[in-house]
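Sequence lines set the chain letters: A, B, ... in the order given, protein chains first and strands last, and positions in each chain run from 1.
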Amino acid sequence: MKRKNITNPFKKTLLKGVLLLLLALFSNNVSAQITVEASNKSIKEILKVLETESKYRFFYNEGLQGLNKITSIKVENLTIDKTVSILLKDSEIDYKIDKNNLVVLVNKIKVNQSELKKINGLVSDEKSNPIVGASILIKGSKEGTITDINGSFSIDVKDNTTLVISYIGYKTTEYTVGQQKNILIKIEKNTKELDEVVVVAYGTMKKSDVNAAIVSIKPKDLETNTSSSVTQTLAGRAAGLTVLGGSAQPGGGQQVLIRGAASVGAGNEPLYVVDGFPISNANIDPGSGSRYSQGDRNFLNTLNPNDIASIEILKDASATAIYGSRGCNGVILITTKRGGNGFKVDYSANYSVQAIAKRPIMLTASQLMTKANGYLYEEYLIRFKAYPYGTRALNTLPVFRPKYTQDQITAAGIGTDWYNLITQQGLINQQNVSISKGSEDSKVLFSMNYFDQQGVIKTSGLKRFSGRLNVDEKLTKWLDFSISLTGSVVDNTNAALGGGENENSGIIQSALIYSPLIDPVRDTNGEYLINPNNALIPNPLSFLDITDNTSQKRWLTNSFFNIHFDKYASLKLTAGMDDDRAERHLYLPKTFMYGKGQNGFASIVDNSKTDYLTEATFSYIRDIAKDHNFSAVLGYSFQQLNIQGNSANTYDFFTDAFLYNQLSVGSGTPNVNSWRSQSLMASYFGRMQYSFLDRYLFTFTGRLDGSDKFGKNYKYGFFPSGAFAWKVTKEPFMQEQKIVSDLKLRLSLGQTGNSNIGNNAYEFYSANGHNYYFGGNLNTGVGLSQLPNPDLKWETTTEANFGVDFGFFKNRINGSVELFYKNISDLLSAMPLSSNAIISSVPANIGKSESKGLEITLNTFNLTGEFKWNSNFTLTSYRDKWLERNPNFILQPFEKAGDPIHAVYGFIPEGLMQPGEVLPTMPQLIPGQMKIQDVNADGKIDNKDMVLLGENAPKFTLGLNNSFKYKDFDLSFFLYSSIGRLGFSSMNFKYGTGFEIQTLKNGNNFLAEIQDGWSSTNTTSTMPSGFRNPYLLDGQYAHQDATYLRLKNVTLGYNFKGKLIKTNHINNFRLYADVQNLLTITNFSGLDPEIDNNSAPYPIQRTFSVGLNITLN
Amino acid sequence: MKIINFKQIILLFATGFLISSCEGDLEPKIYDRVAPSNFYKTPNDLQAATTSVYWELKQTGWGPYMVSDGSRFIMNEVGTEEWTTKWSWDAFLNLNWIIGENMAYQFYGSIMGATTKATYVIEKIKESPVEESIKSKYIAEMRCLRGFFAADLYMLYGPLPIVVTRDEAFYPTSTYKPSRPSKEWMISYVENELIECSKILPVSQSDWGRCTKGAALSKLLKFYLYQNKWKEADAVASEIMTLGYQLQTNYANIFSINNEQNSEIIFAIPCEPKDRYGLLWFDNALPPDFKSSVGVNYTAWNGWRVPWAFYDSFETGDKRKNLIFQTYTSKTNTTVNLRTAGDVGGLAMKYGEDSKNPGQWTGNDYIQFRYADILLCKAEALNEISAAPTQEIIDLLNQVRFRAFDNFDASTHKLRLAAFATKAAMRDQILKDRGAELWCEGVRREDLIRHGKYLDVATSVGASFVGPKNLLYPIPSYALNENPNLVQNPFY
């Protein structure tokens, strides 16, 4: 498929015209066909006229009451449906349009109107999770309703009416209404069929009608009790979704990927859409302020996971193309809970303690001294070229004097365990209340959340207060509106993280390497002692004196009016705003090395993002005729993102007492700054769906996106998609067999885009701090900061998807398999220019890549009796690779044009050099250092000898959840596995013997394992000696398989409902205990195969929780 | 067809409104940056543009012409007898500068780009509508800085394909893969640029810190010396001596914070006691328990030392040695003797303490060229030109030595021509005097190379990987990767 770029203004106008015309067309009746006029005739007579005027025939019992009623009718170009409904409006006759243009007439069931009363109900499963889309029928009639997204419904009934509740996958249940007005109905799974309503882009759909690759997750499947953000819980829960790495700190961010990461420079993060609002992924966390990293943070920390009703992962182009230039990395639709009929209160509380799952074992003081003596002895042998490093006899050497005497070593003992001093037990306290109340016309949900986490590294933590108000009002028959509003405050305390070295060492780095020979005490100035031989690194404990907070405040609101023209057509006008503001307050006190350097340093950075959305969508749903179902959505969307901020900092404070609270106390010259940027996106989109016989489903979508980010020549891009599905089990020939209960084949093809580059494609100059003092006056420097690229355009993904949804044995085994192929062209990235150029790169489209993958979801109901056992299994696998690279892109000698995108290159180790060995390829190597294979056999070791070792993306990720239920007990455990990823532990390499251990001489600490390193007295060791290998400047050799299997979660619960307190108001009273990250099986030697790979990672935790859930109504 | 009802009017109206109102032409709005059409139009624009090139000298305070890792200072001190560090820079201190050595990368990485930036600014100013006299002054300053950059690149790495033409600066590509130019081209380029700009630059600038005639000529002088162009060096030195510079009477006063912008200083990078704008000298040199004489609580990284052998090489009574601290007072008011404590050397306290400094960034202007250096260069050039040592040479040396000793004229420290029988003896004295006068000023490696002694000295101070390769630094491997036409320096 070739993408079109609409640039001509005439074409744009034309397009608007076509859209308006379409809107006008659809708001009338497309298939108008009957014209009839009759006055004062009996219905029976008019029916006869209709039979002659149209191709329809009417079938009725001659004795049907009301046939002789006299009436008048005048219709013009109306459908049969509309015509008949007008004709029979005030009669006692009901009708049904059947196959072959047959209209069946029957008598309406009589209901005594005067005895009717409205009841509100809630349908839930055994675990009190609401059932969405369940059908409620009055027994013996055709009247009924379905439950909304909260499982609520309301219906007008007489007393002692029996309701029949049915829902696919659940046993059909009867419920007799007594005197009560609010009822709660629980239905049980029957494991036969599974179906539900899923949220799709700009609408909802029955799962059985979906012909795109979509996974729906209900939060009840997720462990949200101890997670600040929902994305922290998604790994392994949905096939096609991969969650990688990330920071283990409170509120830490992860990389969430849908179907791999085949984009190279424009980001691979999916688009998040919260209640219809596409969230900009602009990170507003102010990172500036100090030399340390505050760690990755999850941008959804502001969203209370308890508020979420469902998460839909849109995977293929058919599902995502309607999001156009932002759809190529998949879309995550997050839908929050809404008020239901009746009154309900949910309260949950959770309390957790966290312990570091694996902590690094460092040398004790006496071990360090012994090893330092050993290192110095080796250095002495090397210097004099004595055995094993040379041939000189030991007795001809000057005497070796060890640095530490045996008495000193013995006296030193364990020394200071710095890591222990900066870590603590983690704690999480979460409280959540949600109140919902509603009637048929007015529904409200209000929730409040408090989340407080104390991190395992001292000074790290997160506190959230959030509130939500969701309102749905039906104002009149033709107008309703909804509001989704959430406000939250997230207070982060920032620990000084990061893997920086020397003066940039953060608290963890410092604690790892700080000398255990130094005492953890302050001197008379209030400063912690500094190791004089390594004086660039602040004392680990001195980091605790820093005050550093980031407070994030976010208002996210999206509201709409929905105008219903008739039962088919409606127009939705939406306005939304995401106002996200983060303020960082930092004070470096005089007792901290880099606060001392400025005599106290205070900084305030305020960064905010305001994102406005306006949308108009027109929907049309109707059955044109029996067996022809048609629906369409057309829309226009305009989004404006504003980012602005300011910062101020100063230094030289006479006291630390003011912190950042009054900057004018600092007598240094203040620095102030501010910034602002804007980006616009205007889009036209549409989707048409057609199904024939409920067996053959077709979908077409398209979106035209315009953005101000791109070059003059490529402002607009068009992204089309199409999909087809065949419900095989609906075919007549499938009706006889009993084995296959569900089989649907799906095929889709489409294009999506990626516009995720930071800046636009224009040239500009910046005042970027390139200032200079002349004669005591500060002069502002302005320099070129970006080069233009008028040809810059979207990255375009063309994706094909083949999927099979299946169910066997009445869906006792069900699931789906997806196969996809993506081809990404015009890859967006920064094209590196010659290193001599002023600007190091220019934004450019630099090549092509592909991604292909397999996803399997399998749900089984293993035991269905009193003892129930369900399993859910997911498998995700993808391969991303380069197809084509811009010939001007400079490759490293070891890179090949068609390499995997997540390639890991490295040297091939060949064991340690032994005494007497001669290595012509590595003349500078000394015994005890790692030999490197001369791959290209050119007689020397350089970066041409690096090879493709593997990929740092997993080959497979697997998730397996098992849940058991016996009476009021429930137990579940979740296993997660990542297979085939090549990892590298920076920490083990740097603080083991891989790099160099020479700073041992300065008292720097290392991993205890270095005691086993190769030395003149330990020549059988396979661990290098720790002398810096001069051949490793371009790369490393110590990559390892980071495959692991983790028992991520075990939960045991018991429901006390009605047992403790005798009341009818408690519907649910569940106590539970759970353990997260209980067990990890891996050969990876680092702290953890998954967490962020720097030399001082935030340690991963094991979490023990207890909690309770109460539902009142 | 039925008549459109009012709901549908709302629909059409609202949709039409939405579509027509917001979108516009999707031209980006740039709020906090300057568009190219709006810059290089006024004298203030030119000042801002040229300021950003001066910034390259110091960058964020850790820059190529300051004193930290990868600076020209460090590159010109390593392997000499007057400087070492206690940090574990084993490979660098051993002159084991294999490709990838970070300390050899950074200057190249910064200054190749800075040279292009200077060219860009020069060419943009040429096209600017601003008055010619203002343009020519700024262009001369930029050519002077570009001359510095080119000269230093040449002396540290050899000839390099620097970008000095308009189109290459304006329209960079990744396909530009030039070969290394000839030595002759680069030499004549540097010389011509510095000569040309020196004709336009004023002798002094009201804005202290801008390039002057003296600055351009001082770099030219050093560049001539590097090539052993003694006659040209002599002539340039003589020209500088007419510009009004004077020696300070007290050696310590040259570097005193209270005597900045003194008449001995030809060019300095102005520093202020402020984050990113100060000098990191004391941080690098001092031990953490050092007690400041002016009440500063230093950020002290305890790195640099002046080795004892160099300390002991001063003549008795040489006051210049006083700025190397063998002992200091600690924060607990005890006297620490570094020598008896087993340290490798003394503290380089050349710059005077800045009491306004809060602890890390000091306000000492960092001196690039000073007059005493010019006099010694002149002496060296004369010695090489002359058949035998002359009184003029002796006078120049004595002029510099005078302030180092009490009662100089009557002392044995005053040099006498009779004591120097040969050019070689004179040459050795000049090198020794340059050490005593200019220690830790980032000139020693250059001096030793010129005198053919660098490799021997480096070996004598314990560097174990010394070889002829060390006369130049290696071209970074990333530069070789991106441009295969760039040939690595010999022996790397």
Side-chain angles (χ1 to χ4, degrees), chain A residues 16 20 23 27-28 478 530 532 535-536 563 565 571 573 593 596-599 614 616 636 638 651-652 668-669 675-678 680 682 706 708 715 760 762-766 770-775 779-783 831-838 888 890 892 998-999 1028 1030 1033-1034, chain B residues 1 7-8 11 14-16 18-19 22-23 26-36 39 47-49 51-52 54-55 88 90-91 96 98 100 112-113 116-117 120 163 172-176 207-210 270 272 274-275 277 287-288 297 299-302 358-360 478-479 481-482:
Chain A
K16 286 177 189 171
L20 284 172
L23 286 168
S27 61
N28 278 298
W478 58 272
I530 294 294
L536 278 89
I563 305 163
F565 298 97
L571 176 71
L573 298 173
M593 183 182 287
K596 180 176 77 174
Q598 305 218 66
N599 204 25
T614 52
Y636 174 76
F638 182 80
Y651 56 96
D652 203 356
T669 320
W675 52 90
R676 181 181 173 191
S677 69
Q678 187 186 72
L680 305 176
D708 64 347
K715 285 244 176 263
N760 54 40
Y762 295 82
E763 182 179 21
F764 48 76
Y765 296 95
S766 294
H770 290 190
N771 305 338
Y772 201 79
Y773 272 95
F774 292 114
N779 281 237
T780 301
V782 173
M831 169 88 139
L833 298 170
S834 152
S835 59
N836 301 352
I838 311 173
N888 298 333
I890 297 147
Q892 295 297 314
Q998 58 165 322
T999 53
R1028 182 174 177 183
L1033 286 156
D1034 287 314
Chain B
M1 193 159 162
K7 288 183 279 182
Q8 280 147 328
L11 153 77
T15 313
L18 269 175
I19 290 174
C22 325
E23 193 170 330
L26 289 178
E27 277 302 310
K29 284 192 188 134
I30 298 170
Y31 293 102
D32 55 7
R33 289 162 224 169
V34 188
F39 197 58
Q47 181 171 338
T51 297
S52 78
Y54 276 101
W55 174 85
S88 308
D90 286 17
N96 188 7
I98 35 192
M112 284 299 280
T116 313
K117 191 172 178 181
Y120 181 94
V163 173
T173 64
S174 55
T175 50
Y176 179 62
D207 268 355
W208 169 255
R210 289 193 179 275
E272 293 290 322
K274 191 180 169 189
D275 190 16
Y277 294 99
N297 196 8
T299 303
W301 300 326
N302 207 14
Q360 184 172 351
Y478 71 81
N481 277 341
E482 72 175 18

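- Annotation: maximal heavy-atom pairing with chain A below 4.5 Å, among Tyr478(B), Trp208(B), Tyr120(B), Trp55(B), occurs at Trp55(B).
- Contact of the Tyr31(B) side chain with the Gln678(A) side chain is registered, since non-hydrogen atoms from C-beta on lie closer than 4.5 Å.
- Interface summary for chain B: among Ser835(A), Ala837(A), Ser677(A), Gly668(A), the most heavy-atom pairs under 4.5 angstrom belong to Ser835(A).
- Proximity to chain A (any heavy atom under 4.5 Å) is shown, for Pro36(B), by both the backbone and the side chain.
- Between Ser834(A) and Pro172(B), every side-chain heavy-atom pair lies at or beyond the 4.5 Å cut-off.
- A donor-acceptor contact closer than 3.5 angstrom is absent between the side chains of Asp652(A) and Gln598(A).
- Scanning all heavy atoms of the two residues, the minimum distance from Pro270(B) to Gly209(B) falls at CG-CA, 3.8 Å.
- When each of Ala91(B), Ala35(B), Pro287(B), Ala300(B) is checked for heavy-atom pairs under 4.5 Å with chain A, Ala300(B) comes out on top.
- Top candidate by heavy-atom pairs under 4.5 Å with chain A, chosen from Met112(B), Lys274(B), Gln47(B), is Lys274(B).
- In terms of non-hydrogen atom pairs under 4.5 Å with chain B, the most contact-rich of Gly781(A), Gly597(A), Gly775(A) is Gly597(A).
- The contact between Ala49(B) and chain A is made by backbone and side chain atoms together, counting heavy-atom distances below 4.5 Å.
- When Thr175(B), Asn302(B), Asp90(B), Asn96(B) are compared by the number of non-hydrogen pairs under 4.5 Å with chain A, Asp90(B) comes out ahead.
- Only the backbone of Pro832(A) comes within contact range of chain B, judged by heavy atoms closer than 4.5 Å.
- Every residue two or more places apart in sequence or in another chain that forms a side chain to side chain contact (heavy atoms under 4.5 Å, CB included) with Lys596(A) is listed here: Glu527(A), Asn297(B), Lys331(B).
- For chain B, the nearby part of Thr780(A) is the backbone; its heavy atoms alone come within less than 4.5 Å.
- Both cation-pi conditions hold for Arg210(B) and Phe774(A): the charged atom is under 6.0 angstrom from the six-membered ring centre and inside a 45 degree cone around its axis.
- Relative orientation of the Tyr277(B) and Tyr773(A) rings is perpendicular, given thresholds of 30° and 60° on the angle between their planes.
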